[in-house]
J.: 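Sharing a structure, written as structure tokens. Questions coming.
All chains are named by letter (A, B, ...) in the order of the sequence lines, taking the proteins before the strands, and each is independently numbered beginning at 1.
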Protein chains: 2
Amino acid sequence: MKIDPQNPADLSAQIAQAIKAAIVSGELIVDARLPSEAELADQFQVSRPTVREALKRLAAQSLIRTQRGATGGAFVNRLNFEDAYSQQITTSTLLLSMNAVSFDTACEARYALERACAPLSAERRTPDHLATMRTEIFRQSQPGLTDEAFCASDVAFHRALVDGAGNPVLSYQLAGAVEAMQPLMNMITFSARSRESIIALHTRIADALDARAAGEVDAALVELETYTRQLARDVAERRRKQSG
Amino acid sequence: MKIDPQNPADLSAQIAQAIKAAIVSGELIVDARLPSEAELADQFQVSRPTVREALKRLAAQSLIRTQRGATGGAFVNRLNFEDAYSQQITTSTLLLSMNAVSFDTACEARYALERACAPLSAERRTPDHLATMRTEIFRQSQPGLTDEAFCASDVAFHRALVDGAGNPVLSYQLAGAVEAMQPLMNMITFSARSRESIIALHTRIADALDARAAGEVDAALVELETYTRQLARDVAERRRKQSG
DNA sequence: GACTTTTAAATGTCAGACAAATGAAAAATG
DNA sequence: CATTTTTCATTTGTCTGACATTTAAAAGTC
């Protein structure tokens with residue numbers, strides 16, 4: 001962890017990389033205390049601000065946490081699922097918005113992954129998961145709901161479905177795919193009729209999960225995907241006509 | 001993007017958060033140039049080192065890139081799939097290694113997601129994908145291959161399968177699940193016989209993809225998952241006996 | 001006009017300093 | 001002696017000012 005070529009540019013990046021490697025390799029274990037900034041500056045033969053920039057890079061990735069005071073310092077952070085979720089969601093969202101990913105591509109990925117969870121969820125969902133889904137369905141049926149709120153509730157519904165699989169790794173992986181779709185979904189205007197159709201499918205899904213009917217969940221998800229993509233095509237069509 | 005409560009701690013984190021919000025919201029678009037460090041210091045009423053720490057936090061997440069020189073500065077970075085891949089892989093790997101995720105949980109998630117790709121891959125895989133898979137199968141059959149190299153080739157094989165779906169969003173989401181398994185897989189000792197079994201299943205998968213037989217791919221993946229989990233159980237059993 | 005030199009602007013780095021938090025040791029108190 | 005209070009050293013957070021390096025544009029030179 002002491003290697004540092006004498007390329008006097010990007011020193012903080014090199015130091016961050018060295019410490020990161022030590023963490024990933026297990027050389028630095030969870031809750032281990034790093035040397036103080038002054039000591040690190042001495043070890044790496046750089047100034048304290050440079051060390052600090054390196055540490056901030058690591059803090060941005062939730063790899064370390066810092067604490068002030070006598071017994072303070074920088075500690076290797078236990079990466080928890082919650083932090084990983086939010087990182088994944090931002091990354092996925094930006095990835096989609098910055099790379100002109102088509103609605104179809106994102107939608108296909110999302111539903112493919114979600115369908116992968118369906119059989120497990122049908123088997124393991126708890127009453128809690130079902131209750132959450134019913135609540136969201138009820139919320140979606142409220143009149144006067146904005147499109148944004150409808151989409152947010154839609155995300156909550158699908159997250160409950162995914163969480164029902166009882167596999168935190170799956171939930172983590174899916175978080176990005178489901179949440180990153182929201183900005184794209186927000187571009188769709190949901191008419192009263194389209195909301196009705198979606199709610200009907202959501203109800204079918206909830207009922208099927210209730211009955212532990214994996215096949216029926218899958219069928220409903222396929223229909224939902226088809227319908228969602230159709231809605232997006234309609235929006236695009238409408239926009240094309242308006243501008244043309 | 002100018003809000004900054006007068007809580008004089010974590011200033012760099014607050015500034016990073018403000019700029020990040022501006023990027024996510026689209027207020028700052030790709031390739032937009034941020035004000036110079038001196039200007040930012042002036043705007044936020046902090047010193048330049050503090051601004052720099054904030055910028056390094058963003059750079060660590062690939063949200064910005066910096067360039068020296070007269071026309072240099074910090075620019076909003078287009079988050080590309082490659083950067084997102086590697087971020088996801090580190091995060092997933094650390095998440096698994098730091099949270100004592102069981103082999104079964106990780107394995108289940110991985111194969112559930114991979115099976116989600118299988119039908120798409122059967123439909124869209126190109127000769128290139130098949131060639132990669134055949135190459136890796138050949139590599140796996142070489143005698144004298146270390147367990148680590150065998151696992152690395154296994155990862156490459158499965159990535160080709162996933163990439164065959166031709167959906168970059170899927171590939172991105174899967175990257176974490178597939179690669180993060182590698183350290184866990186490395187704990188398994190692959191006997192000559194177990195390698196043979198895995199290679200046979202890999203061959204079945206490649207053949208099925210070649211024939212565009214989605215159902216057969218799925219069946220082989222299920223068998224591979226079962227077999228992998230059995231191998232892990234055997235290792236655990238052996239360890240238990242040794243220590244007991 | 002083509003090439004070289006200068007210059008200005010920006011990031012990268014450094015040195016030294018002070019503020020603030022914090023836990024532990026030392027001192028005071030009953 | 002036990003408990004509370006005070007002091008203090010350590011560490012991070014921030015600031016100021018400076019210099020080095022890179023880079024592209026402007027100025028100068030042939």
J.: Does the side chain of B/S62 pick up a donor-acceptor pair with the side chain of B/Q87 at under 3.5 Å?
T.: yes
J.: Which whole-number value in Å describes the distance from B/L55 CG to C/dT13 P?
T.: 13 Å
J.: What integer distance in Å separates A/Q67:CD from D/dG13:C1'?
T.: 14 Å
J.: Among the nucleotides C/dT13, D/dC15, D/dA24, which one has an atom lying closest to any side-chain atom of B/S47?
T.: D/dC15
J.: Output every pair passing salt bridge (Lys or Arg N to Asp or Glu O under 4.0 Å) with a member in residues 88-106 of chain A, not counting sequence neighbours, ordered by first then second residue.
T.: A/D104-A/R229
J.: Aromatic rings B/H158 and B/Y111: how do their planes relate, parallel, tilted or perpendicular, breaks at 30° and 60°?
T.: perpendicular
J.: Would you kindly check whether a donor in the side chain of B/R48 faces an acceptor in the base of D/dG17, or vice versa, at under 3.5 angstrom?
T.: no
J.: Between B/R33 and B/P49, name the one whose nearest nucleotide on DNA chain C is closer to the 5' end.
T.: B/R33
J.: Rounding to an integer number of Å, can you tell me how far B/Q14 CD sits from D/dG13 P?
T.: 13 Å
J.: Using a distance-only criterion (donor-acceptor N/O pair, under 3.5 Å, no hydrogens), is the base of C/dG23 paired with the side chain of A/R68?
T.: no
J.: If I take atom CG in residue B/D42 and atom C1' in nucleotide D/dT16, what distance separates them, rounded to the nearest angstrom?
T.: 14 Å
J.: C/dT11 P sits how many Å from A/L11 CG, rounded?
T.: 17 Å
J.: Scan A/R65 against the nucleic acid and name what it touches under 4.0 Å (heavy atoms): base, sugar-phosphate only, or nothing.
T.: nothing
J.: What is the distance, to the nearest angstrom, from the CD atom on A/E39 to the P atom on D/dT10?
T.: 11 Å
J.: Measure from CD on A/E37 to C1' on C/dG16 and round the result to the nearest Å.
T.: 15 Å
J.: What's the CD-P distance between B/Q45 and D/dC15, to the nearest Å?
T.: 10 Å
J.: For A/Y172 and A/Y85, take the angle between the two ring planes, folded into 0 to 90°, and tell me which bin it lands in: parallel under 30, tilted 30 to 60, perpendicular over 60.
T.: parallel
J.: Using the side-chain heavy atoms of A/T71, tell me which of these nucleotides is nearest: D/dT23, C/dG23, C/dT13.
T.: C/dG23
J.: Using the side-chain heavy atoms of B/E53, tell me which of these nucleotides is nearest: C/dA10, D/dT14, C/dC14.
T.: D/dT14
J.: Give a yes or no on whether a donor-acceptor pair under 3.5 Å exists between the nucleobase atoms of D/dT14, that is its base, and the side chain of A/R52.
T.: no
J.: Output a table of donor-acceptor pairs, distance under 3.5 Å, between side-chain atoms of residues 160-168 of chain A and any protein atom two or more places apart or on a different chain; print 'none' if there are none.
T.:
from: A/D163; atom 1: OD1; to: A/S171; atom 2: OG; distance (Å): 2.8
from: A/N167; atom 1: OD1; to: A/V169; atom 2: N; distance (Å): 3.0
from: A/N167; atom 1: OD1; to: A/L170; atom 2: N; distance (Å): 3.2
from: A/N167; atom 1: ND2; to: B/T105; atom 2: O; distance (Å): 2.9
from: A/N167; atom 1: ND2; to: B/E108; atom 2: OE2; distance (Å): 3.0

J.: Looking only at side-chain atoms of A/T66, point me to the closest of D/dG13, C/dA9, D/dT10.
T.: D/dG13
